[in-house]
Amino acid sequence: MSIKQLKDINKNYISQTFEATVLMSDIKVKASKNGKRYADVIIQDSSKAMEVKYWDYEENEEFINSLSPENAINIKAVVGEYQGQIQITIKQIEKANMDNVNIGDLIPTSNWGIDSMKNGLDFFYEKVKSSHMKKLIDRMIFSNDYFKKFSTHPAARQVHHNFYHGLLQHTLEVLKFGYTVATTKKLSERQIERLIVMTMLHDWAKIIEYKALPSVGFTEEGTMLGHIFLGAHTTLNVINEIEDFDQDDKLIILNGILSHHGHLEFGSPVLPKTVEAQILHQADKMSGDIESIMSFMADQENEEDTFTTKLWNMGTDYYKKGIN
Ligand SMILES: [Fe+2]
Ligand SMILES: [Fe+2]
């Protein structure tokens, strides 16, 4: 066995050197205790994104700063271990010859398939019958200004849905989970329409909050304002352009967007004040949690241990026997 993709790396390869072509999507320069600067670098290929160490940053500063995120690089790196976790250290970096590299092959992508995701979105769009709510969705999701971003952006920097089409896949998951609850509990048609609209828009502003792949990380607007405010703000602006937008629908949809993190300490400025908003919050949490567990387990699939390491957002490790 050899390391062909980043996901192949596991503890069996400790102290081995490997070569790979990857994208360098983020770099954070830090200082060690003795004052020497080094870099934590996020590298990725289609299988995985991971943070690695580059101790020789200072000596190669000019060259590293000349690399753009769209530039593939060839690395030579060594697999090590630090505090029980795998730690990769880059030994050598050179620019890859872009004639031999297809950038799309180096970006992790949703495995749902874009056509079936578009069909899924249409299914829920058809359920929205009220013309004012339809107009809101038309302008924010399906317009030329936004659809490309909405359908390609990631939904997270790390943890869940941090891949090409991630926001669209996450939004569809939340739509499916929420719709199942809403129809099981026999919510009214109007409630279901509002639930669909607030769900489509709940993380919409991640198209502003996050940089477009292959870059990763927050934009300045995202860091300063966050997707909850940006989403509610943009939605309110668009609602104000739509004539005769129903006042209750406006308040309920905005409350749903603002409260979708469910708790004040998780960044929502208000709590869910309707059944729809509570369903959205719980469906959102389910989508994020389950995806983070599944992708975490998949990342550690090739390691021999019975349990994964601890997944910080869930506060526990996971039992790997019997996955397949
Ligand atoms: Fe969110
Ligand atoms: Fe979400």
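First listed ligand is number 1; within each ligand, the first listed atom is number 1. For the single chain, residues carry numbers from 1 onward in sequence order.
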Determine, for D305 against K320, whether the closest basic-nitrogen to carboxylate-oxygen distance falls under 4.0 angstrom.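 Salt bridge flag = no for K320 with D305.
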
Quick test of your reading of the model: are K134 and E126 salt-bridged, counting only N-O distances below 4.0 Å?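 No, no charged N to carboxylate O under 4.0 Å.
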
Please state the angle at the Fe ion (ligand 2) spanned by NE2 of H170 and OD1 of D284: what is it, rounded to 10 degrees?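 It rounds to 80°.
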
Name of the H260 N, O or S atom nearest the Fe ion (ligand 1)?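 Of the nitrogen, oxygen and sulfur atoms in H260, the Fe ion (ligand 1) lies nearest to NE2.
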
Do R190 and D249 pass the salt bridge (charged side-chain N to carboxylate O under 4.0 Å, His left out) test, and can you show the C-alpha distance, the side-chain angles, and the key distance before you say yes or no? CA-CA 9 Å; R190 187 67 164 238; D249 290 340; 2.6 Å; yes

NE2 (H227) to the Fe ion (ligand 1) to NE2 (H261) angle, given to the nearest 10 degrees: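 Between NE2 of H227 and NE2 of H261, the angle at the Fe ion (ligand 1) is about 90°.
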
Report yes or no: does D203 have an N/O/S atom closer than 2.8 Å to the Fe ion (ligand 1)?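 Coordinating: yes.
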
Counting backbone and side-chain atoms alike, does H202 have an N/O/S atom under 2.8 Å from the Fe ion (ligand 1)?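 For H202, the answer is no, given that no N, O or S atom comes within less than 2.8 Å of the Fe ion (ligand 1).
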
Compute the ring centroids of H170 and H165, then answer whether they are less than 6.0 Å apart.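 For H170 and H165, the ring centres are not under 6.0 Å apart.
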
When you measure from the centre of the six-membered ring of Y125, is the NZ or CZ of K127 under 6.0 Å away and within 45° of the axis?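 No; the conditions do not both hold, so K127 does not lie above the ring face of Y125.
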
